[in-house]
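To start, the structure itself, in structure tokens.
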Amino acid sequence: MKMEKLTPQQVKETLAQNVTAKIKELTRGIEVDYTLDYEVGDIVTVESAESWSNDGLFTVENIKEYPYSFIINNEAPCHVLDYSDEEICHMLGATDCEHEKEVIIAKGTKFRVTDVSTDDDFAEMGFYKVELEYIEED
């Protein structure tokens with residue numbers, strides 16, 4: 001299957017299978033219309049390849065009421081995107097992103113929730129923080 005015939009999400013899924021690094025403290029920001037019910041000890045499984053950031057600016061594209069910041073405290077396998085590869089950027093629909101440090105986490109990757117902000121934290125910080133630990137597959 002040729003990559004140029006794939007949708008941006010399919011390109012992401014394909015790239016995510018090619019792990020190029022294991023990186024600690026990856027982050028991801030999302031915004032949703034409702035609060036999420038994470039609890040310490042919950043297991044989270046990535047449902048489709050996801051964009052995370054490797055210590056760089058990454059802009060949340062849809063603004064909603066409840067912002068969440070996720071951080072993976074240990075090393076997690078990922079594919080580091082090369083924004084100098086114009087073909088890949090075009091296939092992903094990525095524009096004006098040279099300042100970003102994006103990595104892709106593969107579908108099926110598992111994490112354990114190790115800490116979750118409270119509503120009081122949200123009131124003070126303006127977002128919920130969810131800390132995760134990558135779970136290695138046996």
Side-chain angles (χ1 to χ4, degrees):
M1 181 181 285
K2 296 202 182 271
M3 292 251 298
E4 60 271 2
K5 302 286 186 192
L6 302 176
T7 67
Q9 184 60 37
Q10 289 171 322
V11 171
K12 216 182 246 194
E13 298 286 350
T14 301
L15 291 173
Q17 298 306 311
N18 178 23
V19 173
T20 58
K22 288 187 177 182
I23 302 175
K24 185 177 180 179
E25 297 181 351
L26 294 174
T27 59
R28 176 174 169 82
I30 65 168
E31 295 190 15
V32 293
D33 289 325
Y34 49 88
T35 57
L36 304 175
D37 294 327
Y38 291 115
E39 294 182 13
V40 171
D42 284 352
I43 303 300
V44 177
T45 303
V46 175
E47 294 178 7
S48 62
E50 295 179 339
S51 296
W52 287 67
S53 182
N54 174 16
D55 195 31
L57 177 63
F58 187 76
T59 306
V60 177
E61 295 178 2
N62 43 348
I63 306 303
K64 305 287 183 167
E65 188 172 352
Y66 299 102
Y68 280 80
S69 177
F70 294 85
I71 183 167
I72 305 168
N73 288 318
N74 60 339
E75 287 186 342
C78 58
H79 177 87
V80 179
L81 282 180
D82 177 7
Y83 283 121
S84 67
D85 186 332
E86 292 180 17
E87 182 181 2
I88 293 292
C89 287
H90 176 73
M91 286 187 283
L92 289 170
T95 58
D96 298 325
C97 52
E98 295 78 20
H99 61 281
E100 294 181 1
K101 289 187 174 181
E102 184 177 354
V103 302
I104 302 172
I105 300 282
K107 174 182 180 176
T109 303
K110 294 183 190 243
F111 301 99
R112 179 177 296 107
V113 176
T114 59
D115 194 36
V116 182
S117 295
T118 64
D119 291 338
D120 289 339
D121 295 330
F122 173 74
E124 181 180 325
M125 300 184 305
F127 65 94
Y128 287 99
K129 182 177 180 183
V130 180
E131 294 188 31
L132 303 170
E133 172 185 67
Y134 168 66
I135 301 172
E136 294 220 30
E137 296 290 334
D138 293 328

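Nothing fancy with the numbering, it's 1 onward along the sequence.
Of the possible donor and acceptor atoms, one in the side chain of Q9 sits under 3.5 Å from a partner among the backbone N and O of A49. Judged by distance alone, with hydrogens and angles left aside, the side-chain atoms of H79 form a donor-acceptor pair with the main-chain N or O of N18 at under 3.5 Å. Of the possible donor and acceptor atoms, none in the side chain of Y38 sits under 3.5 Å from a partner among the backbone N and O of V44.
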(request) Start with the C-alpha gap between K129 and I71, add the side-chain angles, then the distance that decides, and say whether side-chain contact (heavy atoms from CB on, under 4.5 Å) holds. (result) CA-CA 8 Å; K129 182 177 180 183; I71 183 167; 4.0 Å; yes

(request) In sequence, state the C-alpha distance, the side-chain angles, and the governing distance for D82 and V80, and then conclude on side-chain contact (heavy atoms from CB on, under 4.5 Å). (result) CA-CA 6 Å; D82 177 7; V80 179; over 6 Å; no

(message) Using the rule given for side-chain contact (heavy atoms from CB on, under 4.5 Å), can you reason through L26 versus N54, listing the C-alpha separation, both sets of side-chain angles and the distance that settles it, and then say yes or no?
(response) CA-CA 5 Å; L26 294 174; N54 174 16; 4.0 Å; yes

(message) Determine whether Y68 and T35 satisfy the following criterion, side-chain contact (heavy atoms from CB on, under 4.5 Å), listing intermediate values before the conclusion.
(response) CA-CA 9 Å; Y68 280 80; T35 57; 3.7 Å; yes

Atom pairs and distances, donor-acceptor, side-chain atoms in residues 109-116, under 3.5 Å, two or more places apart:
{"from": "T109", "atom 1": "OG1", "to": "A106", "atom 2": "O", "distance (Å)": "2.7"}
{"from": "R112", "atom 1": "NH1", "to": "E133", "atom 2": "OE1", "distance (Å)": "2.8"}
{"from": "T114", "atom 1": "OG1", "to": "E131", "atom 2": "O", "distance (Å)": "3.3"}

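We find the NZ-NZ distance between K107 and K12 to be 14.5 Å, quoted to the nearest 0.5 Å. Taking OG of S51 as the reference point, atom CD1 of I104 lies at 5.5 Å (rounded to 0.5 Å). For the atom pair I43 CD1 and I135 CD1, the distance stands at 3.5 Å (nearest 0.5 Å). Of the inter-residue distances, the one linking N74 atom CG with K24 atom NZ reads 8.0 Å to the nearest 0.5 angstrom. Taking SG of C78 as the reference point, atom NZ of K22 lies at 10.5 Å (rounded to 0.5 Å). The distance from the CD1 atom of I63 to the CD atom of E31 is 4.5 Å, given to the nearest 0.5 Å.
Residues L132 and L36 are members of one and the same hydrophobic cluster, defined by side-chain heavy-atom contacts under 4.5 angstrom among Ile, Leu, Val, Met, Phe, Trp and Tyr.
The shortest heavy-atom contact between D42 and E39 is OD2-N, 2.8 Å. Here the closest heavy-atom approach between residue A76 and residue I105 is recorded as CB-CD1, 4.4 Å. Here the closest heavy-atom approach between residue V19 and residue P77 is recorded as CG1-CB, 3.8 Å.
Under the 4.5 Å side-chain criterion, counting only non-hydrogen atoms from C-beta, S117 is not in contact with F127.
Considering only residues two or more places apart in sequence or on other chains, F122 meets the side-chain contact (heavy atoms from CB on, under 4.5 Å) condition with Y66, P67, Y128.
Counting only N and O atoms by type, the side chains of Q17 and E13 include no donor and acceptor under 3.5 Å apart.
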